[in-house]
Amino acid sequence: MADLAKIKALLDARRPGHSLPQGLYNDPDAFDFDLEAIYGRSWLQVGFECELPRPGSHFATTLGRWPIIVLRDRAGELRAYHNSCRHRGSQICPDGHGSSQRLVCPYHKWTYELTGELAHASRMGDGFDPTAHSLKPIHLANVGGVLLVCLGDDPPDVEGFRREFTPLLAPHNLADAKLAHQSTLHEKGNWKLVMENARECYHCATGHPELALTFPVSASGHFDYGEDDALERFNARMTALGLPVGPVEGDWWQAMRFALNEGNVSMTTDGKPTVARPMCALGGGDIGSLRWSIEPHSFTHACGDYLFMFSALPISPNETVVHSKWLVHKEAVEGVDYDLERLTHLWTATNLQDRDLVEMNQRGVNSPGYTPGPYSTEAEALALRFVDWYVDTAKAYCERA
Ligand code: 3BY
Ligand code: FES
Ligand code: FE
């Protein structure tokens, strides 16, 4: 349990418009607090319904310290559980994708139905009650094929997100998508530094030469291009195609469709589509990118031809794992309709560049010379929004505790 008085003092010391006090980036108590107050209570985007194509499909992942499993049961219902055996607690499924009609714990072979009931446990004696040893469910929301879980008992409202976001997402046909690739990147930095970096493009023009070709790196947080009327022209073109652009937002989420740099159709190293069979064929697939973000941990971009998801999951005060997923149309054939290296090149390069920036940031933040500094309200608006959300959410938790 985190030292709440210490956390409160750090939160109270935060100067508006500035980065956080040092302890919030490297103190073990702050890390424990973040897991409990932030990751343990927020909706987290873990993946997509298309990753669970058949009854029995599952994927397992670890959110902070919590292994979870998401599956499709025999009746086709999606469910999520703590990935922890009700015998002596072993993790049941290793992280990754799999398929089975029952879940068998590798340790002593306790066996669970996909609906969570304990179906078999050998040599437990007459007094043993299997019905008291079902898998523990966790909250799961399926928003148009995007899967969110919440580990807390009392999840934030998800209906506003569902209502406002689903019309923007629908044209991307997630029901007809498949997972083409996923990756895991270990970063020696606090999760909040990973996310602040992910929420701003102040560093992009110089830090991400590949991304900067297509991504409007000098737009402000809501992809406003200043004097240029590119946004209006783009919005008019999307409206003519019947595509809503937003922006729409709630406390913990945001979504909008934005224009790529003039002349570019997809977020690739040459601006051309990288998948011959698009997810959304409207406008020849030239539909900018639908970007959505979920506080505390993710952003996703959906172009006409592919989708990319970024999720930051904390490991320790100074370590974070970045999970990335790429979706394409389910009928796109690797080696025929797309080349995997070409599909993944841009975001893999960007992630590696960001890792170096985050690790450099963490080393400097650990210095006795570190003092919180001001964000650019123009270039770092979304990083500031993230940090403000963090401070507000953390303070509200402290008040209730
Ligand atoms: O959140 C985003 O959309 C992006 C991706 C690249 C940098 N970051 C601001
Ligand atoms: Fe799972 Fe023993 S811990 S069967
Ligand atoms: Fe970056």
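All values reported here derive from a predicted model rather than from experimental measurement. In listed order, ligands and their atoms are each counted from 1.
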From [X] [atom1] over to [Y] [atom2], what is the distance, rounded to the nearest 0.5 angstrom?
| X | Y | atom1 | atom2 | answer |
| --- | --- | --- | --- | --- |
| Trp253 | Leu148 | CH2 | CG | 12.0 Å |
| Ile69 | Thr61 | CD1 | OG1 | 11.0 Å |
| Thr350 | Met267 | OG1 | CE | 8.0 Å |

Can you run down the salt bridge (charged side-chain N to carboxylate O under 4.0 Å, His left out) pairs that involve residues 123-137, sequence neighbours left out, and say none if there aren't any?
-> none
Within the 6.0 Å centroid threshold, strictly below: Trp292 and His301 | no
Can the ring centres of Trp326 and Phe310 be said to be less than 6.0 Å apart?
-> no
Nearest non-hydrogen protein atom to atom 9 (C) of ligand 1, with distance, is Ala198 O, 3.2 Å
Residue and atom name of the nearest protein heavy atom (relative to atom 7 (C) of ligand 1), distance in Å to one decimal = Cys201 SG, 3.8 Å
Examine distances only and state if a side-chain atom of His133 and a backbone atom of Thr131 form a donor-acceptor pair shorter than 3.5 Å.
-> no
Any non-hydrogen atom of [X] lying under 4.0 Å from ligand 1?
| X | value |
| --- | --- |
| Leu211 | yes |
| His301 | yes |
| Trp292 | no |

Does one side chain, of His323 or Gln182, offer a donor that lies under 3.5 Å from an acceptor on the other?
-> no
Heteroatom proximity flag, Arg291 to ligand 1, N/O under 3.5 Å | yes
State the count of protein N/O/S atoms located less than 2.8 Å away from the Fe ion (ligand 3).
-> 4
Side-chain heavy atoms of Val245 within contact of Thr239, under 4.5 Å = no
Listing residue and atom name, which protein N/O/S atoms are closer to atom 2 (Fe) of ligand 2 than 2.8 Å?
-> His87 ND1, His108 ND1
Begin with the C-alpha distance, continue with both residues' side-chain angles, and end with the deciding distance and a verdict on salt bridge (charged side-chain N to carboxylate O under 4.0 Å, His left out) for Asp270 and Arg342.
-> CA-CA 10 Å; Asp270 60 6; Arg342 208 175 106 73; 3.5 Å; yes
Here the side-chain hydrogen bond (donor to acceptor under 3.5 Å, both in side chains) pairs for residues 146-159, sequence neighbours left out, are Glu159-Arg162
Do Lys192 and Tyr39 meet the cation-pi criteria used here (NZ or CZ under 6.0 Å from the six-membered ring centre, within 45° of the axis)?
-> no
A student checking ligand 1 against Glu200 at a 4.0 Å heavy-atom cut-off should list atoms 9 (C)
For ligand 1, is any non-hydrogen atom under 4.0 Å from Tyr202's backbone (N, CA, C, O), its side chain (CB onward), both, or neither?
-> neither
Atom NZ of Lys178 with >12 non-hydrogen neighbours under 6.0 angstrom = yes
